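As structure tokens, the structure follows; a few thoughts come after it.
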Amino acid sequence: MTAIILLLASFMHEASPHNLAPRVGALSRLIDSFASAVSPKWYNARANHRAAGEYRRRLTERAMNRLEKDDRSRPRMSSFEGARFDEQRAGMWLTSRLDPDSDFEYGDSLGELWRRCDDEFRNDPYFAGGILLLCDHIVGAGYIPQSQIRPLGGLSKGSARGLSTLLEDHFDLWQAECDPYSRQQFQDLCYQVAFNWCLKGEGWLIESQLGTFENPGSRLIPLVVQSIAPERIETPLSGPVFYRGRPYDYTYDQQRVRFGIERDRPGGVIVAYYIRRTHPGDTVRNTFEYDRIDADRVHHIFDQLWPGQSRGLPPSSPLTGFKDVKEWLVAELVAHNLEAAQVAFVATKGNPNDIVDGLATATNADGTRFTDFYSGQIVYGSAGSDIKWSSPQRPGASFAPYLEAMLRRNGAGLQIPYEELANDFSKTTFSSGKASQNVGDMSKRRRTKKLLRVAVTPTWNRFALECVLTRRVPITLQDFSARRTNFTRASWIVPAREDMQPHVKALAELRQIEGGTKTFAEVFAEKEQRWEDAIYQREEEREALDDAGLPIPGETPEAGGGLATNPAAMTRKPDASARASAIDASIADFMHADGSAAELEAAGVPT
């Protein structure tokens with residue numbers, strides 16, 4: 001080592017300002033050669049840091065060149081008030097000429113938003129409650145599939161129903177051990193995806209395999225899924241990169257690989273994703289190894305608000321609002337403690353400096369003495385004998401209105417009604433509560449459908465395919481490929497919100513079923529149940545009650561018996577003549593509107 005140091009010293013001794021740069025470059029290459037021969041890990045670390053520095057330098061240079069072209073100091077003759085650049089308006093806007101991806105990259109804005117969202121979730125109960133409330137509305141207790149295979153292509157109705165039931169039973173078994181470690185259920189992974197989506201703007205669900213189709217081991221099928229943190233999706237600056245378990249010849253290409261997303265050409269179709277094997281913030285297991293995963297195995301869910309946006313936007317707009325509320329709460333608490341601690345102030349004669357030094361309880365690092373406040377404290381002053389008693393006035397009259405206004409503002413940013421975010425229904429009437437519930441349900445339905453479309457349904461399709469490949473269902477691969485849409489057709493039972501008037505809703509559902517505008521499947525799906533299971537259970541209970549000689553709820557007893565136990569069964573049902581009259585009236589209205597019986601027959605209405 002001493003010889004190496006002497007060699008480097010003599011090498012740099014002859015350097016001058018004219019040949020310093022070439023000598024530094026040569027010295028760097030010499031160190032790289034030494035590092036590659038002695039420690040490949042050291043060499044890879046140097047290469048990674050050098051590539052990262054060059055990458056950040058290019059990003060900064062490109063952003064600064066664009067910003068320098070935006071000269072806002074010159075006056076503008078604009079007729080739009082929102083485009084004014086005078087002293088009054090210019091400081092009120094945070095504008096950027098960068099595209100969404102460049103805006104995320106500049107100054108590591110996306111990473112900083114992730115970290116601040118984590119901070120708010122850990123330390124702000126309102127923000128944490130709002131995020132968890134969104135997740136409960138989106139996922140709840142999980143999704144239940146309803147396979148809907150149709151009797152098509154020579155498939156009988158009984159066979160279609162049997163295959164649907166078989167797929168549903170297999171899914172119930174698989175979802176209990178669907179992660180690589182058989183510890184989390186599919187509903188838990190969906191909740192994690194929704195949590196990252198709501199907190200950090202995007203969620204990731206990755207498909208992989210353990211075992212083979214011929215030998216899946218103890219598992220039902222080889223398919224496993226896992227949720228990963230958004231921070232692990234990043235662009236490798238160098239290797240090693242693995243693809244399907246084998247080393248991959250990776251070359252850094254900024255035009256095709258950005259944010260860990262590889263495209264077939266700049267701005268083209270996504271072909272693969274790069275996932276770091278460890279979290280960037282892991283202090284125990286930290287590696288720069290990456291896996292290249294095909295795009296069809298990665299389900300990336302986020303709200304693409306701008307064209308060309310590659311990553312999700314965290315809830316940045318309400319973030320500062322929640323921080324303001326938290327800081328106000330801390331300020332109110334400190335002020336209240338200070339007021340409550342000091343009971344009285346007694347003015348006495350003497351040197352005020354000596355009195356202050358006598359009251360000091362400690363000294364900080366720079367030698368300044370300070371006094372701690374405690375409950376019931378009396379502070380002594382000088383020059384007089386007046387006693388002033390403390391009268392705390394905290395919290396002030398403006399605190400509660402400010403807190404409510406900020407929570408309403410922040411709830412609007414999260415698309416959560418104020419009543420649910422603050423858990424405050426003291427000012428809510430039935431009408432306003434119903435309207436607030438409807439507003440929240442619109443955001444919930446949109447997010448739920450998107451999660452089903454982007455992540456859950458593709459996982460179901462892969463699950464059905466692997467059930468065929470492992471011969472868990474009696475379907476050949478040729479038949480499945482020919483009618484894939486039919487064999488993977490399914491609907492999902494999603495979490496339902498309890499209605500504010502359940503008896504009114506039950507009566508409305510009964511009338512909709514009788515009128516043919518609603519099915520049993522829709523009714524039981526809102527109760528998070530499969531309609532086949534409910535009917536089967538109903539039949540089992542009916543047989544048990546009949547064997548025991550007990551009345552069956554919901555059915556009118558025979559003559560001489562008591563009343564029906566179900567009030568809905570006691571309602572008078574329209575007889576056949578009334579139904580016929582209603583049909584005749586509908587036909588008459590149709591003919592009056594359109595004027596001919598031929599159009600009536602063409603519409604499929606019986607005459």
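Given the structure is predicted, the values throughout are model-derived calculations rather than measurements. One is the number of the first residue; the rest follow in order along the sequence. All heavy atoms count here, side chains included; hydrogens, waters and symmetry mates do not.
Among all heavy-atom pairs drawn from P236 and Y250, the shortest one is O-OH, 2.5 Å. Minimum heavy-atom separation, G312 to E202: N-OE1, 3.0 Å. Scanning both residues, Y290 and T235, for their nearest heavy atoms gives OH-O, 4.4 Å. Nearest approach of S147 to E168, heavy atoms of both residues: N-OE2, 2.9 Å. In terms of heavy atoms, I475 sits closest to V468 at O-CG1, 3.4 Å. L189 and C178 make their closest contact through CD1-SG, 3.8 Å (heavy atoms, listed as atom of the first residue, atom of the second, distance).
The pair R542-D547 does not meet the salt-bridge criterion, since no charged nitrogen lies less than 4.0 angstrom from a carboxylate oxygen. Residues R258 and E105 are paired through a salt bridge, judged by an N-O separation under 4.0 Å between the basic side chain and the carboxylate. Contact check on R276 versus D291 returns no salt bridge, with no Lys/Arg side-chain nitrogen under 4.0 Å from an Asp/Glu carboxylate oxygen. The residues R292 and E262 are annotated as salt-bridged, a charged nitrogen and a carboxylate oxygen being separated by less than 4.0 angstrom.
Remark: T459 OG1 to R297 CZ distance equals 10.5 Å, nearest 0.5 Å. Once rounded to the nearest 0.5 Å, the distance linking CD of Q512 with OG1 of T517 reads 4.5 Å. The CH2 atom of W204 sits 11.0 Å away from atom OG of S227, with the distance rounded to the nearest 0.5 Å. How far CD1 of I270 is from CZ of R263: 4.5 Å, rounded to the nearest 0.5 Å. The line from CD1 of I513 to CD of E522 is 9.0 Å long, rounded to the nearest 0.5 Å. Remark: T428 OG1 to E420 CD distance equals 10.0 Å, nearest 0.5 Å.
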When you look at R472 and D169, which way does the salt bridge (charged side-chain N to carboxylate O under 4.0 Å, His left out) test go after all the steps? CA-CA 11 Å; R472 298 294 182 181; D169 293 341; over 6 Å; no
S164 and Q148: side-chain contact (heavy atoms from CB on, under 4.5 Å), yes or no, with the steps? CA-CA 6 Å; S164 296; Q148 297 178 338; 5.8 Å; no
Quick one: do L155 and F487 satisfy side-chain contact (heavy atoms from CB on, under 4.5 Å)? Show the steps, please. CA-CA 11 Å; L155 195 65; F487 287 122; 4.3 Å; yes
I would like to know whether D99 and D103 meet side-chain contact (heavy atoms from CB on, under 4.5 Å); could you show each step before the answer? CA-CA 6 Å; D99 71 307; D103 218 353; over 6 Å; no
Would L98 and Y106 satisfy side-chain contact (heavy atoms from CB on, under 4.5 Å), going step by step from the backbone distance to the final call? CA-CA 9 Å; L98 304 179; Y106 184 68; 4.0 Å; yes
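Within the 4.5 Å cutoff, the side chain of H170 has heavy atoms near those of the F463 side chain. L469 has its side chain out of reach of P222: every pair of non-hydrogen atoms, C-beta onward, lies at least 4.5 Å apart. At least one side-chain heavy atom of P180 sits under 4.5 Å from a side-chain heavy atom of L210. Side-chain contact check for F195 versus L134: every heavy-atom pair is 4.5 Å or farther apart. P145 places none of its side-chain heavy atoms less than 4.5 Å from the side chain of L167. With a 4.5 Å cut-off on side-chain heavy atoms, F480 and Q478 do not count as touching. Side-chain contact between V241 and P247: absent, with no pair of heavy atoms (C-beta onward) separated by less than 4.5 Å. The side-chain heavy atoms of V225 and F186, taken from C-beta on, include a pair separated by under 4.5 Å.
No more than 12 heavy atoms of other residues, nucleotides or ligands lie within 6.0 Å of CZ in R511, so this atom counts as exposed by the packing criterion. Within 6.0 Å of the CZ atom in R471, the count of heavy atoms belonging to other residues, nucleotides or ligands does not exceed 12. Heavy atoms of other residues, nucleotides or ligands lying less than 6.0 angstrom from CZ of F425 number more than 12. No more than 12 heavy atoms of other residues, nucleotides or ligands sit less than 6.0 Å from atom CG of D249.
The main-chain N or O of L199 is never found under 3.5 Å from a side-chain atom of W114 such that the two would form a donor-acceptor pair. A donor-acceptor pair under 3.5 Å is absent between the side-chain atoms of S436 and the main chain of P417, judged by distance alone. The backbone N or O of P230 sits less than 3.5 Å from a side-chain atom of R311, completing a donor-acceptor pair. D282 places no side-chain N or O within donor-acceptor distance of the main-chain N or O of T278, the cut-off being under 3.5 Å. Between the side chain of E466 and the main chain of L223, a donor-acceptor pair closer than 3.5 Å is present. Under the 3.5 Å distance criterion, the side-chain polar atoms of Q185 are left unmatched by any main-chain donor or acceptor of Q187. In terms of modelled atom types and a separation under 3.5 Å, the side chain of D424 and the main chain of E419 share no donor-acceptor contact. Formation of a donor-acceptor pair under 3.5 Å by the N486 side chain with backbone atoms of I149 is not found in this model. Without hydrogens or angle criteria, Q309 side chain to L305 main chain gives a donor-acceptor distance under 3.5 Å. With D179 contributing its side chain and R183 its backbone, the two residues share a donor-acceptor pair below 3.5 Å.
Under a cutoff of 6.0 Å and an axis angle of 45°, R409 and F322 do not form a cation-pi pair. Remark: R447 qualifies as a cation-pi partner of W197 under the 6.0 Å distance and 45° angle criteria applied to the six-membered ring.
Ring geometry, W460 versus W492: the interplanar angle exceeds 60°, so the pair is classed perpendicular (tilted spans 30 to 60°).
Among residues two or more places apart in sequence or in another chain, the salt bridge (Lys or Arg N to Asp or Glu O under 4.0 Å) test is passed with R462 by E207, D296.
Residues R161 and S156 have side chains that never bring a donor and an acceptor to within less than 3.5 angstrom of each other. D294 and Y243 share a side-chain donor-acceptor pair at under 3.5 Å.
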Pairs of donor and acceptor atoms involving the side chains of residues 116-126, under 3.5 Å and at least two apart or interchain, shall be tabulated with distances.
| residue | atom | partner | partner atom | Å |
| --- | --- | --- | --- | --- |
| R116 | NE | E112 | OE2 | 3.1 |
| D118 | OD2 | K200 | NZ | 3.3 |
| D119 | OD1 | N123 | ND2 | 2.6 |
| D119 | OD2 | K323 | NZ | 3.2 |
| N123 | ND2 | D119 | O | 2.9 |
| D124 | OD1 | Y126 | N | 2.9 |
| D124 | OD1 | F127 | N | 3.4 |

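Residue L205 is tested with I228, V456, V193 for a side chain to side chain contact (heavy atoms under 4.5 Å, CB included); the sole match is V193.
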